[in-house]
Protein chains: 2
Amino acid sequence: MKQIDPPDDAEPDNVQPEQAEPEQVQPEQVELTATAWTALGFIAVRPRSGYEIKQACAETVDAFWGVSYAQLYPQLKRLREAWFITGEESGGGRRQVVWHVTERGRRALDAWLVRPPAPPQLRDEALLKLQFVQSLSPAQALPLIRAKRREFEEWIARFTPEGPPSSPDEPADLLHSYALTMARAGLTWCDAVEKALDGAAGSR
Amino acid sequence: MKQIDPPDDAEPDNVQPEQAEPEQVQPEQVELTATAWTALGFIAVRPRSGYEIKQACAETVDAFWGVSYAQLYPQLKRLREAWFITGEESGGGRRQVVWHVTERGRRALDAWLVRPPAPPQLRDEALLKLQFVQSLSPAQALPLIRAKRREFEEWIARFTPEGPPSSPDEPADLLHSYALTMARAGLTWCDAVEKALDGAAGSR
DNA sequence: CCTCTCATGTAACTCGTTACATGATTTC
DNA sequence: GAAATCATGTAACGAGTTACATGAGAGG
């Protein structure tokens with residue numbers, strides 16, 4: 001086991017406990033990407049390796065916040081440099097670095113969580129194309145609607161809680177219920193649009 | 001009036017009409033960003049200046065596909081270099097360049113419209129934060145739900161068709177109806193979650 | 001005269017993606 | 001012994017954002 005700590009030029013801050021923290025200056029106000037905060041969030045739940053963080057993201061926030069290794073590993077480095085996490089290279093078996101949150105890291109995470117969230121960003125090529133074909137031809141609009149329908153169906157398949165017992169419909173997980181609500185609304189929209197488009201195609 | 005055409009090293013292709021197009025080789029397969037196709041789409045409806053394209057985007061696709069000047073102007077240059085548009089610097093009054101679609105540009109746009117759309121990308125910090133606070137405290141979850149609620153309310157205000165007469169509820173515009181459907185579903189979700197959260201807070 | 005809107009653009013930067021590189025361990 | 005999975009990373013590239021720069025005409 002080898003301790004992985006920030007380089008010497010990084011601010012220590014908790015090495016000497018008798019050195020009191022500056023009162024109003026919050027050391028937590030380090031600028032990080034939301035992806036870095038995400039990693040920190042999962043580490044704060046329990047210590048994890050980069051690989052495990054990626055898995056956790058894939059199972060939970062992937063639909064609203066995609067995370068790739070090429071982003072993740074550099075961000076872990078930044079979190080370490082800010083003394084928000086410390087790494088422990090586990091011996092025995094495969095090589096892996098397990099990251100632990102520090103007290104400082106936990107405080108910083110809490111501070112981030114209560115800051116107002118950035119407005120959501122959406123890029124949807126299918127809807128974009130729909131803008132240009134909607135008034136021209138149902139023939140071209142239909143495949144786009146079908147593409148959206150497939151997306152919604154995949155969401156539903158992915159976020160519907162398994163296990164027939166207990167929960168009849170709505171999951172306790174807020175994000176799952178959000179995804180399901182949106183996907184169902186999307187399907188309703190697809191139904192209505194396809195129906196209208198079929199009508200228009202018939203009369204043409 | 002001054003004609004603005006591609007530089008000489010760009011492929012002409014329609015200068016000599018007697019030179020037949022290569023049969024299977026489609027000159028339309030130029031790689032462009034969706035933002036460039038968006039500009040081309042609006043130019044194809046009618047000739048416009050960059051400024052007018054930006055306005056059209058803001059009124060229509062902005063929520064699904066944001067476009068900024070810093071992206072737009074370079075993309076117009078690329079469209080011109082591909083001979084998809086030609087520009088006409090209008091004399092008289094303010095300086096402005098009005099872009100016209102070429103035949104070649106129109107064909108390329110049609111080809112793009114029928115290609116399968118890229119999967120949508122979403123980045124929603126509010127939902128991300130919700131992932132980390134949902135199991136811990138309703139006190140921290142509530143502001144995030146309220147932020148989502150405000151978003152949905154803004155969407156509804158923005159996309160609800162004005163003019164009390166005629167249309168009672170659903171607009172003919174597919175994108176407007178999409179936005180409204182999703183926003184309403186979102187509000188329903190906010191209601192349910194806030195209620196559940198209040199209950200949990202009361203029992204705690 | 002001042003300010004707002006029209007109008008076009010560039011520079012620097014950030015974030016994220018794809019593709020690549022490497023190697024150990026488990027499973028068939 | 002071959003393939004899948006675990007596991008960590010880097011390099012090159014691309015798209016998009018913010019901020020900056022410039023200037024003319026319209027309206028008060």
Calculate the interatomic distance between [X] atom [atom1] and [N] atom [atom2]; express it in whole Å.
X: B/Trp37; N: D/dA15; atom1: CH2; atom2: P; result: 13 Å
X: B/Arg94; N: C/dC4; atom1: CZ; atom2: P; result: 15 Å
X: B/Leu76; N: C/dT8; atom1: CG; atom2: C1'; result: 10 Å
X: B/Leu72; N: C/dT10; atom1: CG; atom2: C1'; result: 14 Å
X: A/Arg80; N: D/dT8; atom1: CZ; atom2: C1'; result: 13 Å
X: B/Trp99; N: C/dG9; atom1: CH2; atom2: C1'; result: 12 Å
X: B/Trp65; N: D/dT17; atom1: CH2; atom2: C1'; result: 15 Å
X: A/Glu89; N: D/dG9; atom1: CD; atom2: C1'; result: 13 Å

Specify the closest pair of heavy atoms between B/Ser68 and B/Lys54, including all atoms of both residues, with the distance to one decimal. CA-CE, 4.1 Å

For the residue pair B/Trp155 and B/Ala63, what are the closest heavy atoms and their distance? CZ2-CB, 4.3 Å

Would you confirm whether A/Arg123, through its side chain, and B/Gly66, through its main-chain N or O, come within 3.5 Å as a donor-acceptor pair? yes

Output yes when B/Glu81 and B/Arg78 qualify as a salt bridge under the 4.0 Å nitrogen-oxygen rule, no when they do not. no

Phosphate oxygens OP1/OP2 of [N]: is one of them under 4.0 Å from a side-chain N or O of [X]?
X: A/Ser68; N: C/dG16; answer: no
X: B/Arg123; N: C/dT17; answer: yes
X: A/Gln71; N: C/dG16; answer: yes
X: A/Thr35; N: C/dG16; answer: yes
X: A/Tyr69; N: D/dG9; answer: no
X: B/Arg95; N: C/dG9; answer: yes

Residue B/Ala70, side-chain heavy atoms: nucleotide from D/dG16, D/dT8, D/dA19 that is nearest: D/dA19

Show the numbers, then the answer: is there a salt bridge (charged side-chain N to carboxylate O under 4.0 Å, His left out) between B/Glu125 and B/Lys129? CA-CA 6 Å; B/Glu125 221 182 83; B/Lys129 293 187 178 188; 3.7 Å; yes

